[in-house]
There are 2 protein chains.
Amino acid sequence: MVTMSDVARAAGVSVMTVSNVLNGRSNVGADTRLRVLEVVEELGYEINLTARRLRSGRTGTIGLIVPQFDLHYYGELASRISEALAPEGMHLVVEQSGASRERELSALSLARLQQYDGVLLSAVGLDMADLDRIHPDVPIVLLGEQAVPERYHRVRMSNVAGARLATEHLIDRGARRVAVLGGKLSAAHPEMATYRADGWSRALEEAGLPPDPGLVIPLRTYSIAEARGAIADALAGGTEIDGIFAVTDEVAIGALAGLHDAGLRVPDDVQLAGFDNLGISEHLVPGLTTIDPDHAAMVTAALRLLRRQLEDRTAEPEHVVSDVRLIVRGTTRAHGDSVPSA
Amino acid sequence: MVTMSDVARAAGVSVMTVSNVLNGRSNVGADTRLRVLEVVEELGYEINLTARRLRSGRTGTIGLIVPQFDLHYYGELASRISEALAPEGMHLVVEQSGASRERELSALSLARLQQYDGVLLSAVGLDMADLDRIHPDVPIVLLGEQAVPERYHRVRMSNVAGARLATEHLIDRGARRVAVLGGKLSAAHPEMATYRADGWSRALEEAGLPPDPGLVIPLRTYSIAEARGAIADALAGGTEIDGIFAVTDEVAIGALAGLHDAGLRVPDDVQLAGFDNLGISEHLVPGLTTIDPDHAAMVTAALRLLRRQLEDRTAEPEHVVSDVRLIVRGTTRAHGDSVPSA
DNA sequence: ATGAAAGCGCTAACAC
DNA sequence: GTGTTAGCGCTTTCAT
């Protein structure tokens, strides 16, 4: 392994000069700089980031912690953030917290957080108390939907509004028995599933349709397979449904399969709307009606909040709520279609 | 920030004893250990991994470098690897190399690689020459399909065999004009797309059907959207097709949409097979016929190769090829169905 | 414009 | 069982 002092010796300068050259500081003579760079090239020297980090504290790396790599939403999120950081000369690494409180807490240990200049945290298993216990000296921006202590900087979507929009749309297009797939009623600590079930129930109430608890179909993992099975079970159990608001697009994909299993046509027999507007949703057959949370704006906001903290550790916590809009595609009917006889 | 020497002072022992306790070494008295742990708890001390790494070289972290976070294949891969590492007390972080040679080379800089105990590299943009230039002292296992220098440890799939299986199956079920979506004929340096096009053309030849270069539909990004557009273009250009072998499932999803756009039914008018057996593929409507590369075996093999190098830096390079099998689902016809008139 | 000294927080190696 | 010493490779600080 070639070190800075190897380079210094070979170039006949001090380590400090090599360091200055490599960090682009202006206090180095032009010819000295050139000679150092030549030697660096020749010896194949590369900086030891661990040593730099220990001494300077700076890492140039942002950490993104997500519950699961294989939920499409997080893949897309990571991709977007990575692309947005690249031009700033920062660099993203992604960790999976595993969706369990334990693994999430370990991912959030000071030890692990310290390794980053800043952390974007998409936590689902943690509650208020957990988050309140953490006092890292690393800037953190929370991405997500659960309730969090005031002091956190945070970006989230308009969950309730989005769920309401989707459900209203289903009702508007003729659905009367709208299930909420993946919804959860009044949990101990509110989270994505409760907010979105909330929007669903408000839309129903406003339309004069009492929310039927039998139409709340809870999920645990929000995987496609689980959603497909849950729909099958609900239908087998005799639940009558002519519309489904799926709390995520991933879940909606499972619903699409489950409905097909049961011989029901979408949108003729059952209409369907999701939430997230994943890249794939546009390309399903039929295309998935969904709620778009303006991903680009969320990423921009998250990085702005992070940068603010990077520049000023005492920056006031900010709480950004991203607007949502409805994207109508083939899983809901065109306006004016009649209500199906089923 | 609390350091080890703060703990040592408060516990009335030396730093070394604290270090020994925290590393679970057995040369510490029971009461001393207890006292140290109490102080650790009390002060909220957590180890500085950067300092440990600089001193000991060990990081406890494995790096996975993938071209893109938002291709589903890589999300699933990352998830599987992360889960497999957790019980070994190791911990995965994932980086995106961005699919361009430049970004990939920078992700492979010594500086970045050094940060990990080992690296799993899924490179697509690099050729033989690039890979030959890299001489890291970090154990690396290559995951992927391009040609690589002998000295690399490596896990890949049976690309040609898989593509052949899929194409044979399409022919067997009555397809006569089988396109290869995302295929590439004899590129300068072979890669996934060329190997899979190879399997396609061999299957055709063996069936006495000359491979028509007009049925090779190249792709650049292998995204769903690109694949959908490419199918639309091919059909609009008058290409006659009654079967499609898509080089990845992601691409097959785009094909499914493109065929639907053109009013063609799957599998009645056009049959379709993919490659990868993504989690979602089972849940498409219709279910996607595809090639399963035995993901679990690949992950196991990759980690075995990595562990071998971790234990013995001079371990002989090994080259594991994972078997593939055909998974028949709804995008291809049942046996004995007639060839469509179209 | 260049360099010497000190030290970031930890662990390897060796004493006792 | 516990402590002392040295030093990982870099950057901060300060001197020249």
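Values below: all heavy atoms of this structure, side chains included; hydrogens, waters and symmetry mates excluded. Nothing here was measured: the structure is a model prediction, and the numbers come from that model.
Side chains of A:Gln68 and A:Tyr222: a donor-acceptor N/O pair is absent below 3.5 angstrom, by distance only.
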Contact state string [nucleotides 9-16 of chain C, B base, S sugar-phosphate only, - no protein heavy atom under 4.0 Å] | BBBBB---
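Between atom CZ of residue A:Arg112 and atom CG of residue B:Leu49 there is a gap of 8.5 Å, rounded to the nearest 0.5 Å. Interatomic distance, CZ of B:Arg52 versus CG of B:Leu22, reported as 7.5 Å (0.5 Å rounding).
Of all heavy-atom pairs between B:Glu95 and B:Ala107, the closest is OE1-CB, 4.5 Å. B:Glu46 and A:Ser109 make their closest contact through OE1-CB, 3.3 Å (heavy atoms, listed as atom of the first residue, atom of the second, distance).
Comparing the end axes of the helix from C:dA1-D:dT16 to C:dC16-D:dG1, each fitted to five base pairs by superposing C1' atoms of four pairs onto the next four, gives an inter-axis angle of 30° (nearest 10 degrees).
The nearest whole Å value for the distance from the CZ atom in B:Arg53 to the C1' atom in D:dC10 is 15 Å.
Put simply, the side chain of A:Leu77 does not reach to within 4.5 Å of the side chain of A:Leu120, judged on heavy atoms. A 4.5 Å side-chain heavy-atom check between A:Asn27 and A:Asn20 finds at least one atom pair inside the cut-off.
The ring-ring contact (aromatic ring centres under 6.0 Å, His included) analysis of residues 30-72 of chain B, with sequence neighbours excluded, yields the pairs A:His72-B:His72.
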